[in-house]
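Order of listing sets the numbers, starting from 1, for every ligand and every atom in it. What you see is a predicted model; the values in this text were computed from it and never measured.
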Amino acid sequence: MTAGLKGAPLFQQIIEATRTAIRTDAATVALHEPSFCGKEWDYVKECLDTGWVSSVGKFVDLFEERLAEYTGAKHAISAVNGTVALQVCCRLVGVEAGDEVLLPALTFIATANAVHHSGGIPHFVDCDKITLGIDPEALRAYLKDIAELRGEGCFNKKTGRRIRALIAVHIYGHPVDLDALAETCSDFRLELIEDAAESLGSKYKGRHTGNHGKVASLSFNGNKIVTTGGGGAILTNDPELGEQAKHLSTTAKKKHPWKFFHDQIGYNFRLPNLNAALGCAQLEQMDQFVSKKRALAQRYESAFRGLAGVKFFKEPSFAQSNYWLNAFLFDSPDTHQRDAFLEFAHQYGLMMRPAWILMHRLPMYQSCPRADLSVSEDLEKRLINLPSSSQLGGDV
Ligand SMILES: *Cc1c(COP(=O)(O)O)cnc(C)c1O
């Protein structure tokens with residue numbers, strides 16, 4: 001069906017390799033679509049039949065229980081989306097107005113927005129080519145240069161502001177080198193937060209992501225590996241933080257049969273039961289989703305093998321990735337080639353995407369502090385995300 005393709009021979013080869021991997025002739029293939037093959041209808045209907053659709057109900061509690069069980073985290077607290085879950089994470093680790101929070105420049109906008117909404121100032125650092133996440137060595141060298149440890153903690157010598165935390169993002173589901181980052185955080189007295197929005201099902205050295213920092217956030221947006229329509233969660237192994245997360249993400253009301261005493265300014269970010277019902281049904285299929293996505297990644301890898309000029313991105317050796325979004329990289333950093341290719345792919349119905357525009361290029365974050373970002377800037381020009389729905393993984 002690719003006969004008659006016009007365009008550079010390399011572009012044609014990529015389209016053919018993609019079609020071979022995804023095994024479908026469908027006229028358009030989305031980047032990522034949800035899959036509802038479990039008990040979604042039953043659970044959602046139960047909410048409507050019983051009237052439990054809002055912020056209280058058995059599915060919210062069940063969803064949190066199952067999330068904790070699946071990820072191995074002691075506490076999971078649901079939220080209406082991943083952005084606010086991350087915002088609460090920032091508050092939980094003590095981010096205060098005017099504190100800087102380190103995060104990668106190569107990430108989805110939600111990471112930076114969550115920092116901003118918590119009162120923090122995003123401070124962008126570079127990533128490495130092995131994980132696409134924060135480069136631990138570059139980070140350490142950078143902090144040695146710009147940071148100063150004083151009585152209370154870590155300060156940015158240039159801005160005078162406190163650097164409170166670091167958000168490690170598992171980009172496209174690929175775990176970052178958490179041990180190395182945790183060590184640097186401990187040396188520089190920074191709180192480690194994981195933005196695990198994309199990495200449900202991904203393991204770092206055998207342990208599920210979201211378990212290595214003080215707190216972590218998940219997302220269940222429609223394009224993530226598991227969806228609740230919209231949704232998110234906070235993970236933590238610290239019982240006190242878990243309690244605080246639940247308290248803040250509701251209305252911070254002290255437990256009492258009738259009295260409305262609220263001891264803090266709560267957020268009302270709790271996930272409705274209706275959404276949690278969808279999430280419970282989705283979580284039951286988690287193992288299938290992960291195996292299908294890993295099978296698809298393997299097929300991409302073999303289809304792209306031997307294609308001169310591009311390379312399929314593979315999980316780092318210490319990780320088992322959910323391959324949320326597959327990606328390949330052009331050998332040459334050429335935005336003209338990248339954009340011409342995207343145009344070409346879309347003409348042939350393949351909804352591929354470039355990497356996100358780096359955070360420091362966006363108008364609202366242009367003046368934020370940042371490290372040298374040359375690896376991120378190079379990757380931005382070369383990276384393409386491939387169609388990655390679990391359905392494309394076929395029967396496994
Ligand atoms: C999806 C995502 C989030 C959270 O997104 P929501 O749409 O608010 O659920 C946060 N960080 C990253 C890296 C994401 O991909």
Open item on the list: Here's one to test your reading of the geometry: is the NZ or CZ of Arg370 within 45 degrees of the ring axis of Phe124 and under 6.0 Å from its centre?
Closed with: no
TODO: Please determine if Lys224 forms a cation-pi arrangement with Trp324, meaning its NZ or CZ atom is less than 6.0 Å from the six-membered ring centre and no more than 45° off the ring axis.
DONE: yes
TODO: Hey, could you give me the SG/CG distance between Cys280 and Leu278, rounded to the nearest 0.5 Å?
DONE: 9.5 Å
I'd like to check whether [X] has a polar contact with ligand 1, where a contact means an N/O of the residue lying under 3.5 Å from an N/O of the ligand.
X	result
Thr83	yes
Gly82	yes
Glu198	yes
Asp195	yes

TODO: May I ask you to check whether His256 and Phe261 place their ring centres under 6.0 Å from each other?
DONE: no
Could a heavy atom of [X] be found less than 4.0 Å from some atom of ligand 1?
X	answer
Lys224	yes
Gly231	yes
Leu86	no

Task: atom 5 (O) of ligand 1 [closest protein heavy-atom partner, distance rounded to 0.1 Å] - done: Ser219 OG, 3.7 Å
Open item on the list: Quick one: does any side-chain atom of Asn223 pair with a main-chain N or O of His32 as donor and acceptor, under 3.5 Å?
Closed with: no
Could you list which atoms of ligand 1 come closer than 4.0 Å to a heavy atom of [X]?
X	answer
Thr111	11 (N), 13 (C)
Thr107	13 (C)
Asn221	7 (O)
Ala197	2 (C), 3 (C), 10 (C), 11 (N), 12 (C), 14 (C)

Is a salt bridge present between [X] and [Y], judged by a nitrogen-to-oxygen distance below 4.0 Å?
X	Y	value
Asp378	Arg382	yes
Asp263	Lys254	yes
Arg270	Glu64	yes

Task: Transitive ILVMFWY side-chain link Tyr172 to Phe312, under 4.5 Å - done: no
Task: Contact partition for Val169 relative to ligand 1, non-hydrogen atoms under 4.0 Å - done: side chain
